[in-house]
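Structure first, then comments.
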Amino acid sequence: MHPLLIQPDPVEAMINLGNTYYSRGEMDKAVLCYKKVIELKPENLCACSNLGCALRKLGRVDEAIVCYKNAIAANPDTPDVYFKLGNILAHKKDYKNAELSYKKAIALKPDFFDAYNNLGNILKKLGNMDAAILCYQNALDLQPDHKDVLNNLGNALNCRGKINEAIACYQNVLNIDSEYAEAYNNLGNALSSQGKTDEAILCFKKALMLKPDDFKAYNNLGGAFRRLGRLSAALEAFRKSLEIEPGYAKAWNNMAGTLLKQGRVAKAIESYRKALEIQPDYNSAHSNLLFAYNYQDNNDSAWLFSQHRRWAAMHSVKNRYHRLHSPGVCAVDRKLRIGYVSPNFRTHSVAYFLKAIIKTHDRSGFEVFCYSDVTSPDEVTNAFARDADYFISIAGLDDKKVADRIRQDKIDILIDIAGHTAGNRITLFSIKPASIQVAYLGYPNTTGLETMDYRLTDFIADPPGLTEHLYTEKLVRLPHTFLCYTPPEKIPAIAKYENMDSGRIIFGSFNNRAKITGAAIKAWAEILRAVPAGRIILKSGAFADHETCKIMIDLFAENGVEHERIELVSHIPSILLHLEFYNRIHIGLDTFPYNGTTTTCEALLMGVPVITLAGMTHRSRVGAGLLSQVGFEELIADSVEDYVQKGISFAY
């Protein structure tokens, strides 16, 4: 029987009819019914709310928002409508207004479980991890064993660098539901960040057993394989991820990073560009692309500068909303406050060059603040924390919150250590939270930012008149060198080679595979052909992968060098054993055009001379700077021909 025949109230009957159509999926008819009710009773909360739901189902999102707002205007004390409005605003990625709606719902209904959870999700997207964590904890106070919220809490804790707490959350989820695939995936990520890669791989595989089409789990599995040096397996996992979801930009980005590790730079650049084609605002992929360009030996320096400026034009925060702060002026009655921003206050090559700087700042005139974006702290992190006056974790915080903290700390000089390397916070510097901003150390090129005032370098890495036009920053040349290497506390004894036979000369390069360009291989092969009994040892984590080794062997074969004369060595976990391995080398060969830095310092530390080629830009002049500082100018070549000749002559 038709509802209107049994229901005397036409408004209620029309609502019931609309609900019937809604339940059947006939949204157009449901909309007509709800609109009819609103014509009769504009203040009817049920009709306004249900109309919003039906319009959202039809994809008419803006109309739905108007309906919810009308319902709130007529009935301002209705938490459910605020909640629904928050949901649709979140769907539109209007996160700030969604946050306000959820908060209003909670204010009206303090035990609103779903609103706490959804607010946590929004705050996480906004980068406010601490507030997100509190929301999830409030939700769990209401429903302690809710597996979805426990999983969400774990994710927020993981982002904030509280890995052990995150792992406990995921394990609680799995105790509740042993077939919760997403929790296995997330647990794998947390374990991986702790360096427990084998355990992480088991978790990712378990997630894929439960959910074979989980493209995110395949992507994470690929990342774990890459950390183990299993690059071919990593690429296969990324390909499977993209077979399931071809538009997954993160997998394209990760595939590119793996190809780069294999030394397949051109292919890596193609994959980075694919990620950006899918997601043009993917700023970290764009930074990765810039970094990859530095490995190429055929890039015009002016063109590369233009690409950095392009990045800045696309991703600077000041292009998206007004600058948050006007930089302050240093008070004359206190010490200068210097802030360092880095993801590498941990076991990382950059740490060797930061350690002494942080520790030996003149505390009579300066206070040192370290803003650490480390998600998994280690002993090196703890050492930096002890040496700094203030050590602040910014892991999981968005740029605006970090900028607020920097302004609160009244930082006078803010120094970026990462540039466009992994984990960078370049967009933070586009906000200009400090009076003076400086680029230093971690990246061999310009940031491209107009808001970066200076770049620290020296007279050899950037000779006056040679490179100024390639930077948005003003170059500040330190009087000796811009590098300050601190060796490990324990170093092995240096082997003594007496009466070396030229026929047994062993050349070597321990630089990462991506730095070994075709031009470098050609030069090395020419040296080896001229020293018939000579050999070369190449050491890189990438050589744990069989396919990567084969590519390298084939490249030498194309240049007339037999595979028996090449030894490829993968990562050595112990720093002591790694340094000791330099004792097997007689002459180090630097990469070009992207020189080594840590590797050259290590070789010199272990008494191994390094031949370098000085080019025309910073990335290709670091080797010359290091050798000049230790009085080995005769090892600096000014052309490829000179480089080859030095390699041959030093062998005899």
Side-chain angles (χ1 to χ4, degrees), residues 127-131 133-134 156-157 159-165 317 324-348 350-419 421 423-442 451-454 456 484 486:
N128 192 346
M129 295 298 164
D130 293 333
I133 289 167
L134 183 59
L157 289 165
C159 289
R160 198 67 181 91
K162 299 179 178 181
I163 310 299
N164 288 330
E165 294 175 56
V317 172
L324 295 176
H325 305 294
S326 297
V329 178
C330 171
V332 296
D333 59 345
R334 63 166 172 81
K335 299 176 183 179
L336 277 172
R337 295 179 177 178
I338 301 178
Y340 292 86
V341 180
S342 177
N344 297 322
F345 292 116
R346 57 186 175 88
T347 301
H348 189 278
V350 166
Y352 290 118
F353 298 90
L354 270 180
K355 182 178 180 180
I357 293 173
I358 300 300
K359 190 170 186 175
T360 60
H361 263 296
D362 180 1
R363 294 314 202 267
S364 67
F366 303 94
E367 286 183 292
V368 177
F369 292 69
C370 290
Y371 296 95
S372 171
D373 212 354
V374 175
T375 56
S376 187
D378 58 18
E379 284 304 311
V380 175
T381 311
N382 296 336
F384 276 115
R386 289 192 298 269
D387 291 339
D389 295 305
Y390 300 91
F391 193 85
I392 303 104
S393 173
I394 60 171
L397 301 181
D398 72 349
D399 288 343
K400 291 184 287 182
K401 289 203 170 293
V402 178
D404 286 338
R405 175 59 192 262
I406 290 167
R407 288 295 297 170
Q408 176 186 324
D409 291 337
K410 299 181 180 178
I411 298 300
D412 303 299
I413 303 172
L414 190 66
I415 302 177
D416 172 52
I417 301 299
T421 59
N424 73 73
R425 281 298 188 106
I426 289 288
T427 49
L428 167 68
F429 285 80
S430 69
I431 298 174
K432 188 73 171 178
S435 301
I436 297 173
Q437 300 192 147
V438 181
Y440 175 57
L441 187 60
T451 53
M452 195 69 79
D453 303 295
Y454 301 101
L456 299 182
C484 183
T486 302

Practice problem: Decide side-chain contact (heavy atoms from CB on, under 4.5 Å) for Leu397 and Asp130; before the verdict, give the C-alpha distance in whole Å, the side-chain angles of both, and the deciding distance to 0.1 Å. | Solution: CA-CA 8 Å; Leu397 301 181; Asp130 293 333; 4.3 Å; yes
Practice problem: Considering non-hydrogen atoms only, spot the tightest contact between Pro377 and Gly161 and give its length. | Solution: CD-O, 4.4 Å
Practice problem: Grab the two heavy atoms, one from Ala434 and one from Asp412, that are nearest each other, plus how far apart they are. | Solution: CB-O, 4.3 Å
Exercise. Find out whether Leu428 and Pro433 are in side-chain contact, i.e. whether some heavy atom of one side chain is under 4.5 Å from a heavy atom of the other.
Key: yes
Exercise. Working to the nearest 0.5 Å, report the span between CD1 of Ile338 and CD1 of Ile413.
Key: 5.0 Å
Self-check item: Heavy-atom side-chain contact between Arg334 and Lys410 under 4.5 Å
Solution: yes
Quiz prompt | Nearest heavy-atom neighbours spanning Ser342 and Ile417 | solution = CB-CB, 3.8 Å
Practice problem: Inspect the contact between Arg337 and Asp409 and indicate whether a charged nitrogen and a carboxylate oxygen are less than 4.0 angstrom apart. | Solution: no
Quiz item: What's the shortest heavy-atom distance between Ile358 and Cys370, and which atoms?
Solution: CD1-SG, 3.9 Å
Quiz prompt | Stepwise salt bridge (charged side-chain N to carboxylate O under 4.0 Å, His left out) test for Asp404 and Lys400 | solution = CA-CA 6 Å; Asp404 286 338; Lys400 291 184 287 182; over 6 Å; no
Quiz item: Between atom OG of Ser376 and atom NZ of Lys162, what is the distance when rounded to the nearest 0.5 Å?
Solution: 14.5 Å
Self-check item: Check: Asn344 side chain, Val350 main-chain N or O, donor-acceptor pair, under 3.5 Å
Solution: no
Quiz item: Relative to the ring of Tyr340, is the ring of His361 parallel (under 30°), tilted (30 to 60°) or perpendicular (over 60°)?
Solution: tilted
Quiz item: For Asp398, what residues pass the salt bridge (charged side-chain N to carboxylate O under 4.0 Å, His left out) criterion, not counting sequence neighbours?
Solution: none
Quiz item: Testing Phe391, Phe345, Tyr371 for ring pair (Phe, Tyr, Trp, His ring centres under 6.0 Å) with Phe384, which one passes?
Solution: Phe345
Quiz prompt | Interatomic distance, Lys401 atom NZ to Ile394 atom CD1 [nearest 0.5 angstrom] | solution = 13.5 Å
Exercise. Could you tell me whether the side chain of Ile133 reaches within less than 4.5 Å of the side chain of Leu157, counting heavy atoms only?
Key: yes
Exercise. For Asp362, enumerate each residue passing the side-chain contact (heavy atoms from CB on, under 4.5 Å) test, keeping only those at least two apart in sequence or located in another chain.
Key: Ser364, Phe366
Quiz item: Sequence neighbours excluded, which residues qualify as side-chain contact (heavy atoms from CB on, under 4.5 Å) partners of Lys359?
Solution: Asp387
Quiz item: So, for Phe353 and Ile357, which heavy atoms are closest and what is the spacing to 0.1 Å?
Solution: O-CD1, 3.3 Å
Quiz item: What is the minimum heavy-atom distance between Glu367 and Lys335, and which atoms define it?
Solution: CG-CD, 3.9 Å
Exercise. First locate atom OG of Ser393, then atom CG of Asp373, and finally report the distance between them rounded to the nearest 0.5 Å.
Key: 7.5 Å
Practice problem: Give a yes or no on whether the backbone of Val317 and the side-chain of Thr427 come within a donor-acceptor separation of less than 3.5 Å. | Solution: no
Exercise. For Glu379, look at atom CD and say whether over 12 heavy atoms of other residues, nucleotides or ligands are found less than 6.0 Å away.
Key: no
Exercise. Would you give the length of the straight line joining atom OG1 of Thr381 to atom CZ of Arg346, rounded to the nearest 0.5 angstrom?
Key: 8.0 Å
Quiz item: What distance do Tyr440 atom OH and Asp416 atom CG have between them, rounded to the nearest 0.5 Å?
Solution: 12.5 Å
Practice problem: May I ask you to say whether Lys432 pairs ionically with Asp453, meaning some side-chain N is under 4.0 Å from a carboxylate O? | Solution: yes
